[in-house]
Every structure is written in C-alpha cells, then in structure tokens.
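Some notes on the structure that comes next.
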Amino acid sequence: MTQTHCAAVSFAGAVKTFGAVRAVDGVDLTVEPGETVALLGRNGAGKSTAISLLLGLIEPDAGTVRLFGGPPERSVRAGRVGAMLQEARAVPRVRVRELVAFVAGRYPEPLPVARALALAGIAELAERRVDRLSGGQTQRVRFAVALAGNPALLVLDEPTAALDVEARHAFWASMRGFARRGHTVLFSTHHLEEADRYADRILVVDRGRIVADGTGEQLKRSVGGGLVAVDLAGRATDGLERLPGVRSLEIRGDRARLRTDDPDATVLALAALGAVRGLEVAPASLDDAFLALTASEPEPLTSPATEAL
Amino acid sequence: MLDYLRLEVRRTLRDAGFVIGGIAMPVLMYLLFTNLGAADGSWKTGAMVGMAGYGAVGSALNTGGGVAEDRAIGWLRQLRVTPMTPRQVVVGRALTGSVTVLPAIVAVLAAGGLLNGVRLAAWQWAAIAVLLWLGSVPFTLLGLGNGYRLTGQTTGVANMACNLGLAVLGGLWFPIALFPAWLRSVSAYTPTYRFAQLGTSVAEGRAPAPGAVAMLAFWLLVFGSYAVLSYRRSGRAG
C-alpha cells in the first residue's frame, strides 16, 4: 500500500461538541503532502479543537478525521507526526539535549539531535536545564521536540503566542527551514500577517467552520472592496458613513478612512462633496478580508471619539 | 521504555524536595529516634525497618506527584503525540516509582548497619531490602491514583496526608506496641503496618507471615484498581 496519493490530512464533516458548544461544526478540509497551511481564526474559533482532533487526542462526535489515509492514532504511533501543543510548559529538571534526544529516540527515523537543535536555533542551549530558559527559548525547545522525530507532518498550535517580534521572526525562519525539506506543516495562528507570510494556503476558521480556503491573495480578492482615505480638512464627518458602498468609517486624527464594498462609487461620492484632499484608494487588506469573512452581523461603525485618542 | 525510565528517574533524582524529603529525612529521623535517650538493639533494628519503609512509602507516593506535575505542564499530552503508547507511559511511570524507592531503603539500612551497629546476616539484609522494595508497589499505585485524579497541588497534599497518616497508623515511626488497644487493632489493617512486618519478621529470622502478605495483596488490589480508574478518568478528560 503506498501513501503517495493519500492526503496528509483530511477532515470530512468532522464535528466536536463540548456541552452546548459546537467547537468544530462540520469541517471538511484536505492538506496535501508538502503543503504549509495556516489555520487562521480568533481565539475560541475552534482551531485548537481541530488540532486535537487531527492528532487523535480527541475523537470526533461525527464525521471522520484521517492522516495519511488512516486514523490519526496510526500515524502518530508510526512516527509520522510531530506536534507543538498549545500551553505546554517547560519540562522541569531535564536538560535540552536530554529532552530532545529522548523524543527523537521514540521515532523510527529521527533527525540527529544536533541537527534538530540547530534547526530550532538552540544548539548553544543543549546543556541548559529546560526549566531555566526564557519564554522564547522554551518555545524553541518545544519546536525542537516537535521536529526531532523528523515527522512527515508537523503540527504547530499557536507556535508564536507570547513571543516578541524578534523571536517570532527567528521562529518562522526555523519553520521554513523545516518545511523546505519537503515536510507538511500545519500551524494555527490568530496573526493575519503570519498566516499570509508563512503559509502556502490559509484556512479561515470561524465558529467551528472553515469559512474560507485559499492563498492570502485569493482571500483578499474574494472579499473585494477596499479602503478609501481622505483628509478631512476641518470638514464634519457626519454622513460620510452613509456614502455609497461604505461599510465603516474610522477617523484617525484629521483623516477619514472608509472601508467600502465599492471604492469607485465611494470616490465619486466624495468628489461630489469636494472631499478629495489626500485621496488614497487601497485594495482590501487581509485584515479586511478576515473581518468580512468572519463577521456575522454588519460591523459596527467605529466611534470617532475613541479612535481619536 | 528504558529511555523513558532513565529520563524520569533522572528527573526525580534532580528534585531537591525528593532527595531531602524522601531520602535524607528518613535517615535523619531514624538516627534521631534511635540515639536520643536509651535505645536497645531491637528498637534500632525495628526502627530501621520502619524508617526504611517510611522512606520507601514517601518515595513511592512521590511518583504520583510527578504524574500530576507532568499532566499540569502538558508533558503527558506531548507524550501522547509521540509514537509511545499510553500503556508504555503508565508502565514506565510505575517502574520509575519502583526504582526511586531504592535510595531511601538503601540509605536507611546503611545508616542502621554502619552508624547504629545493627547486625544481621547477609541474607537478612538482602531479603529486607528486596521485600521492602517489592512491598512498596501498592504505595506507588496509590500515588499514581492520586496523581492521575487530582491537580498538582492537591496531589501533593493528598500524598503528604497518605504518607504521614499511613506511616503513623502503621507504626513506621513508633512501634504500635505503644498504641492503645483500639488503635492497635486499626493498625493491623493498614498496608504500612503489614509492609513493615515483611521486614521485621525477616530481621527476627522468620519468614513473613501469610497474614501480612495477604493483607498487602488486598491493598495492592485496592490501590491498583484506584490507579486504573483514575487513569481512565484522566484519559477521558483529555
């Protein structure tokens, strides 16, 4: 039996409820081998539950979850999966090398320990005690633990939560180094830029469902619309939010930023008002796309008073 | 599995709390109890077995504290996404418990032989060590039961309560001959009293009483079931 034509990950109608909450509410998704895929969603959107299902830590109430064509547990036991779980803390009283070597030793074809440490950027911490490292260093140790077994599928649940900007960049450089070796990587995040910059494909998760699936570019285009900004030049802001196409208005200092479904119509209406000083039209950002995809009711207009602060 | 055992034993021995509370304390208490005031040879021997047993019980229960800690920090969850099976993890933990009771037993017996002049035949030393080692298994299971069921902090408290309560009731600290009659009859049913009895009968040159073995086997069953139930419950809770 060959694994070549099997998807690395496939969900079909997967449902998981906790009491009255449908944390994962009918998810279908496929990740092909070699892809780097982001699960993008707010906190509580169902990303971690989806990942627990994927790893076989919990069972779906309905539907199926498969890894490499079989139940998740089979792939986990066969050493095809490495994971960095959310909210795991440092393992006390163990050295970095001991920990990574132990985990590597559980897998059939692990990376050499030195290699795993180097990929995670912690070669110089090998002899340090894990519980005496900084938060960013601990995060990297957990990354090294996840990739030590040289798994075909690497799963990272919110891997950069609690990292500062610099540590975050270093982390993603490491992740890319691993993905380039032909591994499948699936990570969850609530940072739009991270998903856009580091994933081949973004799955937007909201309320337990996949609401969009595509590259960052595709998501932006699917939403359409854009951002129109003009200088107020002392003009009152009343009525701007009622111009054609406008979905929301935001005042920043002396500048009005209008999110619009129809930039052309909005610009023409602004021109009719004579409000074109410093006119700027930008395509929808991934932020806009994300908000449009995950907002259930029309977005409330941002209060100028709070924005002016 | 051996790697897991090695890793966890190493982690336990690096725990200052374990080394002080589980090894140094029983030795110190033994030396204090037997050298303050008049102490005859039989008390020195009896207390040696009792304190070795007390150290072994503490170390065995400590295994459960480790489990609770590993659950809290997500280490057990991390192990579940490696190729290790849950069974290997549990058995590895239980074996860790049975290895980490040895330092306490050896240390107290050494204090008895080297510092307190306890004289026994070579086979008696060996038999006492082995019996205390084997007899500590029920306590490891009790600790695991607590560790899989309770949170880190409550496990610590529960283990401490089990340790002190069972040690005092079972006559590991003071011989139960000093107890009032009603308390003595309670002691006879405790696993700790029967546990120490394994060692004291050997020290007196006799084979362990069938009653002691039967009572310990009963507790082994009770604590074993408790550990299995707790483990299943923790598995469901994810």
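Chain letters run A, B, ... following the sequence lines, proteins first and then strands; every chain starts at 1.
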(request) May I ask you to check whether over 12 heavy atoms, not counting those of B/W133, lie within 6.0 Å of atom CH2? (result) no
(request) Check each atom of A/A101 against the heavy atoms of chain B and say whether the ones under 4.5 Å are side chain, backbone, both or neither. (result) neither
(request) May I ask you to check whether over 12 heavy atoms, not counting those of B/Y193, lie within 6.0 Å of atom OH? (result) no
(request) First locate atom CZ of A/R106, then atom CG of B/L79, and finally report the distance between them rounded to the nearest 0.5 Å. (result) 9.5 Å
(request) Look only at the side chain of A/R93 and the backbone of B/R14, and say whether a donor-acceptor pair between them is shorter than 3.5 Å. (result) no
(request) Would you give the length of the straight line joining atom CD of B/E8 to atom CZ of A/F102, rounded to the nearest 0.5 angstrom? (result) 7.0 Å
(message) Taking side chain as everything from C-beta outward and backbone as N, CA, C, O, which of these in A/P92 sits under 4.5 Å from a heavy atom of chain B? Side chain, backbone, both or neither.
(response) both
(message) Just to verify, which of B/R11, B/E69, B/Q78 counts as forming a side-chain contact (heavy atoms from CB on, under 4.5 Å) with A/V91?
(response) B/R11
(request) To the nearest 0.5 Å, tell me how far A/R89 CZ sits from B/D70 CG. (result) 11.0 Å
(message) Surrounding CE of B/M1 (heavy atoms of other residues, nucleotides or ligands, distance under 6.0 Å), is the total greater than 12?
(response) yes
(message) Please classify the contact between A/R129 and chain B as side chain, backbone, both or neither, with a heavy-atom cut-off of under 4.5 Å.
(response) side chain
(request) Name the option with the most non-hydrogen atom pairs under 4.5 Å to chain A; the candidates are B/G74, B/A72, B/P83. (result) B/P83
(message) Can you tell me which of B/L13, B/T12, B/V81 forms the most heavy-atom pairs within a distance under 4.5 Å of chain A?
(response) B/V81
(request) Might you confirm whether atom CD of A/E124 has over 12 heavy atoms from other residues, nucleotides or ligands at distances under 6.0 Å? (result) yes
(message) How long is the straight-line distance from CZ of B/R77 back to OG of A/S52, given to the nearest 0.5 Å?
(response) 4.5 Å
(request) Against chain B, label A/Y107 side chain, backbone, both or neither, depending on which of its atoms sit under 4.5 Å from a heavy atom there. (result) both
(request) Report yes or no: does B/R10 contribute a side-chain atom to a donor-acceptor pair with the main-chain N or O of A/V94 at less than 3.5 Å? (result) no
(request) Assess whether atom CD of B/Q88 is packed by more than 12 heavy atoms of other residues, nucleotides or ligands within 6.0 Å. (result) yes
(message) At a 4.5 Å cut-off on heavy atoms, which part of A/V145 comes close to chain B: side chain, backbone, both, or neither?
(response) side chain
(message) Take a 6.0 Å sphere around CZ of A/R115 and say whether it holds more than 12 heavy atoms from other residues, nucleotides or ligands.
(response) no
